[in-house]
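Here is the structure we will look at.
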Amino acid sequence: MNRETYIGLIDCNNFFVSCECVFDPKLRGRPVGILSNNDGCFIARSDELKALGVAMGAPYFQVKNIVDKHQVIVRSANFSLYSDMSRRVMSILKKAFPRVEIYSIDEAFIHFNALSREEIFEESKAIREKLYKWLGIPVSVGVAKTKTLSKVACRVVKKNKELRSVYLLDNQDDIESVLKGCKAGDIWGIGRQRAKFLESRGIETAYEFLNLDEGWVKQNLSINGLRTLLELKGVSCLELEDVAKNNKSILRSRSFSRPLTDMEDVAQAIAYHVSCVGEALREQNSVTFSIGVFIRTNMHSLGPQYHESVVEYFVEATDYTPDLLAAARAGLEKIFKLGYRYHKAGVFCDHIVPKKGSQLDLFKAQENLVQKDKRMEIMDEITAKYGNKSLFYASIGSNNIWQSKRQRVSPGYTTNWCELKGVR
Ligand SMILES: [Mg+2]
């Protein structure tokens, strides 16, 4: 891997609000808020609404007086519009850059064609202008040597209007001074738990974190903590799947026991991971608006390399495995290319919302949903009782050609009736 290349983070500004503004330009420059399903709380705000002190996630009824007083424009979330606009943003990015890693509905990492830092800066400005001209969507661009630093650069951009939405953070002095102004917990991948721990050791700023001993970080914050530290030092070591793990998303992935070249074999692995994601969603009573798929070759082996990801969106958030399977399959067909030896595949979903009160698609009958729930409940009950080989989706297949070698695995003593420990 070339560690000297630059990575950019493209982040659509107030994305849902921006999508609404495209089709209703009167909204520009006004306080605008988008409400979650059931019109419960604010999930997107224009800058003008932020300035009025309405927080992300604020329940509508609690800020009703502000809404009335300042004539705030309030809209219900229109996910089919947002996901369609997202698809357009991403396809423009994919045409412009050699590698694009879609991270969420409104964020993607880009890898540049250009080599010199001046050209990279120009490319960043150009893509920003293009997205605004072609789609009406304003974006912020943070560029650095690693994903974690590009996230930091993007934060800086958003706070400093004079940067005009593009910031290239690669000078050591700048990096240090920016990190001095950041809390450790604000660094992407550190998370609340780790931030608390660091604070208990007297480490508050990201700069203090940067100066910690690598061995200590690995010991106390695991390998993921160390990766974050290395990324802040400019050593690129996060793959998209590490990124998804760091977020509040669900990710399931595994390396294959041997390289796969056939799409149907890869599809079976994907289907297996999707069924696990479906179970995880139902277990935590949540539904997802999107499912992402990634495939890649082994970067440490010789031969042609390929990695690609895609995110498919649902108009109606779902936890119904057959719907997840169909979307993941469609995604895989878009990114799969013949002629590569695939080493790993996985699926992930972000945009997870609680199932209770999630948006219903008006064009689909309610009954249908109840039936789907019932079907999943039965499926989950059977697999919980008899193990996950008792009943599975046809698309997973039964030859398990992709599965890692697990010949030495101990029986499912507590999870599978057939493998209960015998007592004589
Ligand atoms: Mg955004």
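Since this is a predicted model, take the numbers as computed values, not measurements. Indexing begins at 1, ligand by ligand and atom by atom, following the structure's order.
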Could you check whether K372 pairs with D323 (Lys NZ or Arg NE/NH1/NH2 to Asp/Glu carboxylate O, under 4.0 Å)?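 Result for this pair is yes, salt bridge flagged.
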Between E377 and K374, does any side-chain N to carboxylate O distance fall below 4.0 Å?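 Looking at K374 together with E377, the answer is yes, because their closest N to O distance falls below 4.0 Å.
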Anything protein N, O or S sitting under 2.8 Å from the Mg ion (ligand 1): count it and give me the total.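 Those protein atoms number 3 in total.
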Classify the ring geometry of Y306 against Y342: parallel below 30°, tilted from 30° to 60°, perpendicular beyond 60°.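 Perpendicular: the ring planes of Y306 and Y342 meet at over 60°.
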Tell me, with the steps shown, if S165 and R128 meet side-chain hydrogen bond (donor to acceptor under 3.5 Å, both in side chains). CA-CA 8 Å; S165 302; R128 186 185 178 279; 3.2 Å; yes
If only atom types and distance count, is the side chain of E107 paired as donor or acceptor with the main-chain N or O of S104 below 3.5 Å?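 No, the answer is negative, given that no donor and acceptor are paired below the 3.5 Å cut-off.
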Ignoring hydrogens and angles, tell me if any N or O in the side chain of R45 forms a donor-acceptor pair with the backbone of V54 under 3.5 Å.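 Yes; judged by distance alone, with no hydrogens or angles, the pair exists.
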